[in-house]
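A short worksheet on the structure shown next.
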Amino acid sequence: MLDFVLMIIIVLSAILALIQKDLLKTAILTGFSGGALAVLFQILLAPDVALTQAIVGAAIIPIFIALAVKKTQRSDS
Amino acid sequence: MAQTQLAVLFTSTALIIIGLYSAIFIDNIIKKIIGISFIEEGVNLFIVAIGYKSGGIVPILMPGMDASWFSSNSAYPLPFGLVLTSIVIGASTLAVMLAFVMVLYKRYGTLSTKVMLADTSKKEEYDE
Amino acid sequence: MNELIPLMVIIPIIAALLISAFSKFNTISKILAFVVAICLPVIAIASNYGLHYFGGYEPILDNVTGITYHPAIVYSFTFLQQIFIAATGLLAFLVIFIYLAKYRKVSGPYLFLLFMGTASVTAMLLTDDIFHLFVFFEILALAQVGIVAASSIDYSYEMALKYMILGSIGSPIMLLGIGFLLALTGSVNITDIVYAVHNGLVDSKSPVFLISLGLIFFGWLYASGLPPFHTIKSGIYSKAEPHGAALLQSFTVISMISIVLIMFRIYSSLQIFEVLIVFFSILAMILGVSLALTQTDFRRMIGFLAVGELGFIGLGIGLGTQFSITAGLFQALNEIIITALLFIGFGAIVNATNEVDTRKLGGLLFYHPKVALMLLIGGLAMAGVPPLSGFQSKLMLVQASLNCGYPEISILAIMVSIATFVVFVKTYYSIFLKPKPKDLDVENKQVPKTMIFAMAILLIIVVLFGVYPDVVTNGISNFVGGIL
Amino acid sequence: MKLYDQIFNVVKQFKKLFSPGPVTNADVSGSITAEIFIIVSLVLSTILLRHVNVLLAALVALIVAIVLISNIPLIPKFKLEQEDSLEKMIFYAIVTLSIIIVFLYWGGNLV
């Protein structure tokens, strides 16, 4: 059951990330999507991939995006 | 095919389609780059789903396991090894693209793709 | 001597890392770069043919089914790999030589990119593992972007970002195709996949197999810059420094042929594969040459010509006979050398005048006669004038398409050659022969001697292949006979 | 006479193509060459369809020739579609991807 919830979270947070007006929220929602993907990898019997994805998808990529937003502009216009 | 595996394939298709949609229709460059990175995530999910085995075990041979029982019950580990590389490549590509965006923002002062990445061949060709 | 095979990839990577680590010490990194660059073609020529199994994992024979499995990455080194690696190595050496002589203070990261690019195309040619190819393909894309962004030409950052965004659509799609193949066969080793496909272990009519072809094919279109990627490919050539562009086009050609040979081995049983390749090749020739005719920036024009010439390679492979594939691969080898010659030659003009618009140039024949002469020969070789190398490969292509029963394709190929000649003569006229405009100040700048040296070496190869094509074509023909 | 006027107009249209800066003889003649080249080569490549069906090839070649000649300043339109902006590049890339996939899924076994 958990896996279906995770899949819904992944797709919904990906869509929500792309319709936000505030780019910082986009960064956070991307992290949500990446983190849920990491847990899904664990359920799919790939613990090594899950570890990498948890670090890269849930921490590094949102931080990169947030840094890019901080250096540019926050609102989507 | 197990139900989970089928659902995962639908999820990965959804991610790829979201990525392709955002590549065409989203104007903000940062969102466009994030959207395109979803294609990569969808593909990774698809490749992990190939190796998944319904009711199987994690492909790590623990001491005390029978080798033939292990090989018939574990998930297929080769795709997982590939995805590890692919995740890192995707993250580094995203980082380089965001770095380019930061540099170009200083020059244009906007994040709109239409302005930032418009046709430049006319502008430079004949500057009086 | 098979230990030399992995060294062809490892040496440039180690050199790249060392140079970027020691880039503070100018002299050391210069000497290191020069020595390694000289080694690149020498290793390829000195090495013996053979296979190399990474980690010493030899193929395993399954006693029950009688099928051989390859558990590790395999590098195979034959005549084809040797000649292409030697050509790229030589080109990389010339480019690095020009770069080292041009700047007193060299940049470590730029040399890093040049070496990484060379290492990745070498690995792409050698590898027998489709995922290994994909990884080096991504590294190559990053290296290309770096080379473009490092140039001081206006709008190079924009072009690099566009190339990266298109690449991050193209390469995951290719990875998806590889995933489909993996799902069908359970292996990423190409020899195993080919065995599975040709022995009926995989249903070659199933939609999954067909779609894997479509996805990998799209990735190939991105890698080789055939339409719809011809604008971006010619764009990045025009935005890189001229010597960088000479290396970039060789990267493109080699990634094109290494991927298409793999696709050919896997999908050659499908009729539609050849139809697709011929369709996109013809489109590339028509669009590339007709857009080159309307350009006023001559770097962009050479870029479009390079894309148009790629169509010939695709045509040779798409026709699918031994003779036509030999012709296509020979054309690929010639194109690497001739286009590099043109890029370096026109780069010398940019160096001397700081002007790229053909409308503002003219009368340079008097100032740079050596460059003009060598460029003329290079352009004639590209258009296919005997006895230069372009003539031999294009003649072979025309013959091959006539033998296959497609006279339309041979007429089209000849027309494209003529149009290429028109493009070249138009540009040559407006740069060298037209009277010099008053406001063009030729600052009495000398063309660097290294550029002349590089052009002379490339020119010798062009003439050599033109007079003795058998040196190369026999070996290539043997290789093609092996994969058919 | 109408066709002649049309060809005469083509040269005028080329002025817009090279809009900033002068138009030289070499550029105009190059563009006219490209115009002729593109028509002839597209018509020629439709003849390849004769390996499927001869009648179809003749019909398609005729239609393509008429359509191309009646829209004659082709190069300005072509160049406008092949410009450097990212939107057009991505649009054509994704259209090509979807055409390849659809073509292979439904037509892959027919050829």
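A note on names: the letters A, B, ... follow the listed sequences, proteins ahead of strands, and every chain is numbered from 1.
- For C/I169, the part lying under 4.5 angstrom from a heavy atom of chain D is the side chain only.
- With chain C as the partner, the residue from D/I94, D/V95, D/T96 showing the most heavy-atom pairs under 4.5 Å is D/T96.
- To the nearest 0.5 angstrom, C/I286 atom CD1 is 3.5 Å from D/S41 atom OG.
- With rounding to the nearest 0.5 Å, the separation of CG in D/L42 from CD1 in C/I282 is 10.0 Å.
- Interface remark: C/L166 contributes side-chain atoms only to the contact with chain D (heavy atom separation under 4.5 Å).
- D/I101 places a side-chain heavy atom less than 4.5 Å from the side chain of C/L215.
- Within the 4.5 angstrom heavy-atom criterion, atoms from both the backbone and the side chain of D/I90 approach chain C.
- Put simply, the side chain of D/F78 reaches to within 4.5 Å of the side chain of C/L287, judged on heavy atoms.
- Ranking C/E408, C/M285, C/M415 against chain D, the residue ahead of the rest is C/E408, based on heavy-atom pairs under 4.5 Å.
- Ranking C/S290, C/G170, C/G235, C/G214 against chain D, the residue ahead of the rest is C/S290, based on heavy-atom pairs under 4.5 Å.
- Residue C/L221 touches chain D through its side chain alone, counting heavy-atom pairs closer than 4.5 Å.
- Residue contact with chain D, scored on non-hydrogen atoms closer than 4.5 Å, involves the backbone and the side chain of C/I232 alike.
- Here the CG atom belonging to C/L210 is positioned 12.5 Å from the CH2 atom belonging to D/W106, to the nearest 0.5 angstrom.
- Between chain D and the residues C/Y222, C/F273, C/F280, the largest count of heavy-atom pairs under 4.5 Å involves C/F280.
- When all heavy atoms of C/G405 and D/H51 are compared, the closest pair comes out as O-CE1, 3.5 Å.
- The CG atom of C/L293 sits 11.5 Å away from the CD1 atom of D/I32 when rounded to the nearest 0.5 Å.
- For C/F217, the part sitting under 4.5 Å from any heavy atom of chain D is the side chain, from C-beta outward, and nothing else.
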| task | Output, in order, the C-alpha distance, side-chain angles, deciding distance and verdict of salt bridge (Lys or Arg N to Asp or Glu O under 4.0 Å) for C/K239 and D/D84. | result | CA-CA 12 Å; C/K239 292 287 180 280; D/D84 272 357; 5.5 Å; no
| task | Begin from the C-alpha positions of C/V422 and D/F37 and carry the test side chain to side chain contact (heavy atoms under 4.5 Å, CB included) through to its verdict. | result | CA-CA 11 Å; C/V422 172; D/F37 172 76; over 6 Å; no
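- There is no contact between C/L283 and chain D, counting heavy-atom distances below 4.5 Å.
- Heavy atoms of C/F279 lying under 4.5 Å from chain D are absent altogether.
- To the nearest 0.5 Å, atoms CD1 (D/I47) and CD1 (C/I409) are separated by 12.0 Å.
- Taking all atoms of both residues into account, the shortest heavy-atom contact from C/P228 to D/A93 is CG-CA, 3.7 Å.
- Note that CD1 of C/I173 is 5.0 Å distant from CG of D/L97, once rounded to the nearest 0.5 Å.
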| task | Check the pair D/F103 / C/I272 against side chain to side chain contact (heavy atoms under 4.5 Å, CB included), numbers first and verdict last. | result | CA-CA 10 Å; D/F103 179 61; C/I272 190 144; 3.5 Å; yes
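- For a residue to count as touching a neighbouring chain, one of its non-hydrogen atoms must lie under 4.5 Å from one of that chain's; by this rule C/K426 touches chain D with the side chain only.
- Both the backbone and the side chain of C/V416 have a heavy atom closer than 4.5 Å to some heavy atom of chain D.
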